[in-house]
Chemist: 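Sending over a structure as structure tokens; questions will come in a sec.
Below, each value reflects all heavy atoms present in this structure, side chains not excepted, and no hydrogens, waters or symmetry copies. Order of the sequence lines fixes the chain letters, A, B, ..., with proteins taken first and strands second; residue numbering starts at 1 for each chain.
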Amino acid sequence: MKKEYQTFVRQFKDLKEGTQKLFIKDLTPGPRKYDTKYVRAEISFNPEKIKDGDILRIRSESGALLPQPWGIKILEELSESVPGKPWEDVYKAMKKS
Amino acid sequence: MPVALVIGTDPIAHMVATAPFRLEEDEAKFAGALRKEPIELVKCETCDLLVPAHSEIVIEGEILTDQIVPDGPFGEYPGYRSGTMAEGVGFRVKAITYRNNPILTIIALGVPIDDSSIAAALTAGMAMKRGLNHRGVPVIDVYVPPEGVTHLIYVSVKKGGTEVAKEVLDFFTARRVMVSKVIVLDEDIDVFDSGQVLHAFATKCHPGRGIVVEHYEGRANSLTPCYSPKERERLKGASVAFDATWPPEWLPEIIPVKASFKTIYSKEIQEKVIQNWKSYGFK
């Protein structure tokens with residue numbers, strides 16, 4: 001049984017195939033549903049291209065769900081947090097103005 | 001930095017927690033004043049922070065200032081699923097204390113009216129009125145209609161006009177901008193009555209010269225649904241003030257008189273009609 005994960009992008013075109021580092025949420029029903037993981041994973045728009053892969057559902061910034069899910073194979077689970085300044089994305093946008 | 005998250009306490013304390021306060025101000029005292037009884041506080045188990053004693057659950061821990069943890073996205077208060085995973089704040093839990101069989105209270109944000117929009121109507125409106133007063137705007141009252149999800153605000157002022165509308169807009173756009181539309185009204189309009197506000201907006205806001213717009217970048221609210229992906233990324237946006245007040249330079253003789261029961265009938269006729277109301281067959 002394939003597991004299902006979800007990730008979020010601003011626009012669907014932002015997601016690239018191949019080996020990527022991305023945050024995913026585990027959609028497996030149960031108390032750990034939506035558990036967030038930071039992973040290095042191989043992803044493809046064609047789930048059949050990824051041997052022993054799982055399902056990756058993708059939502060845009062506006063909440064729209066991509067009708068066709070991608071395939072994902074987690075290669076490595078990374079640290080649940082990454083070094084940096086919280087809300088750095090907001091501060092960067094503010095500095096640019 | 002130590003932090004304590006309080007889940008399920010006195011409803012007034014939760015309500016007050018949604019209001020903006022300065023660092024030196026004491027929210028617990030304010031909540032106590034509103035409920036006319038002090039909020040009993042106890043010290044946390046792992047730090048000196050004080051929390052309401054009768055909370056259902058308290059989660060103690062520390063904020064990680066040098067780590068990013070993905071945050072969201074959620075169904076958000078504007079009423080849409082919007083936003084990406086943001087570079088959020090990490091919180092390391094050190095202790096969880098709770099009552100026996102605790103109740104986990106939650107908020108389900110979304111299309112208004114919900115908990116958030118009602119809380120904002122009470123507490124954000126109060127803070128905005130205080131801020132406008134502090135800035136010298138001749139404010140009478142402020143209402144944050146729940147359906148407007150803090151994007152739309154009604155402000156009534158003692159003296160209106162374009163300059164005052166600009167001052168009001170300046171207040172709302174000075175820092176990070178959470179408000180995109182403000183209707184500025186004369187003091188005779190009850191801002192808590194959306195019917196009166198819409199009537200004033202429809203009839204008194206000049207479509208050409210009654211609209212003041214300010215554009216900005218780097219401080220817009222990215223959860224504004226009408227912004228494009230590019231605008232959200234750059235925190236680029238605009239706010240508008242709709243001036244629904246009579247121009248202050250107009251002489252009283254050219255200000256249209258309202259055709260209402262209270263304005264066009266004599267006091268004697270008004271009293272007579274009110275006295276005889278039931279005899280007309282009305283309830």
Side-chain angles (χ1 to χ4, degrees), chain A residues 5-16 20-27 30-41 43 56-67 70 72 74 76-97, chain B residues 1 3 61-76 78-93 104 106 109-111 173-178 214-238:
Chain A
Y5 297 97
Q6 181 169 242
T7 196
F8 296 83
V9 288
R10 280 195 188 276
Q11 290 178 275
F12 295 140
K13 64 178 185 186
D14 295 343
L15 201 61
K16 308 290 179 211
Q20 307 285 348
K21 285 181 181 174
L22 71 166
F23 284 103
I24 55 171
K25 287 183 188 284
D26 190 340
L27 297 181
R32 303 295 294 174
K33 189 175 179 182
Y34 302 123
D35 192 19
T36 304
K37 296 182 171 96
Y38 186 44
V39 298
R40 192 169 64 85
I43 57 174
L56 180 64
R57 299 200 177 273
I58 300 156
R59 276 193 192 274
S60 73
E61 184 175 26
S62 59
L65 183 67
L66 188 68
W70 282 34
I72 181 170
I74 297 172
E76 182 186 5
E77 276 196 33
L78 304 168
S79 166
E80 59 186 9
S81 64
V82 293
K85 196 170 153 192
W87 302 111
E88 205 163 20
D89 47 350
V90 175
Y91 292 126
K92 271 183 196 164
M94 288 171 85
K95 268 185 193 166
K96 269 187 196 169
S97 66
Chain B
M1 183 173 77
V3 168
E62 59 178 356
I63 292 280
L64 309 176
T65 52
D66 58 351
Q67 294 287 310
I68 291 169
V69 180
D71 176 35
F74 310 102
E76 282 282 1
Y80 295 84
R81 291 181 72 131
S82 54
T84 57
M85 280 187 186
E87 296 174 355
V89 183
F91 177 68
R92 181 168 290 132
V93 176
L104 177 67
I106 58 166
L109 282 178
V111 171
T173 56
R175 294 179 188 166
R176 279 203 71 196
V177 189
M178 308 307 282
E214 189 177 328
H215 295 266
Y216 39 78
E217 188 165 341
R219 59 183 202 277
N221 176 6
S222 64
L223 293 178
T224 306
C226 61
Y227 291 162
S228 70
K230 204 81 190 161
E231 286 174 318
R232 290 177 188 221
E233 196 176 344
R234 294 164 65 178
L235 301 181
K236 189 177 175 187

Chemist: Could you have a look at B:Ile63, B:Asp66, B:Leu64, B:Ile68 and say which one has the most heavy-atom pairs with chain A under 4.5 angstrom?
Modeler: B:Ile68
Chemist: A:Gln11 versus chain B, heavy atoms under 4.5 Å apart: side chain, backbone, both or neither?
Modeler: side chain
Chemist: Given that the side chain runs from C-beta out, which part of B:Arg176 has a heavy atom under 4.5 Å from chain A: side chain, backbone, both or neither?
Modeler: side chain
Chemist: If you count heavy-atom pairs under 4.5 Å with chain A, which of B:Gly88, B:Gly90, B:Pro73 comes out on top?
Modeler: B:Pro73
Chemist: May I ask you to test the B:Gln67-A:Pro83 pair for a side-chain heavy-atom distance under 4.5 Å?
Modeler: yes
Chemist: Over all heavy atoms of both residues, which pair between B:Pro229 and A:Glu61 is shortest? Give the atoms and the distance, please.
Modeler: CA-OE1, 4.0 Å
Chemist: Out of curiosity, A:Arg10 CZ to B:Arg232 CZ, how far, rounded to the nearest 0.5 Å?
Modeler: 8.5 Å
Chemist: Does OH belonging to B:Tyr80 count more than 12 external heavy atoms closer than 6.0 Å?
Modeler: no
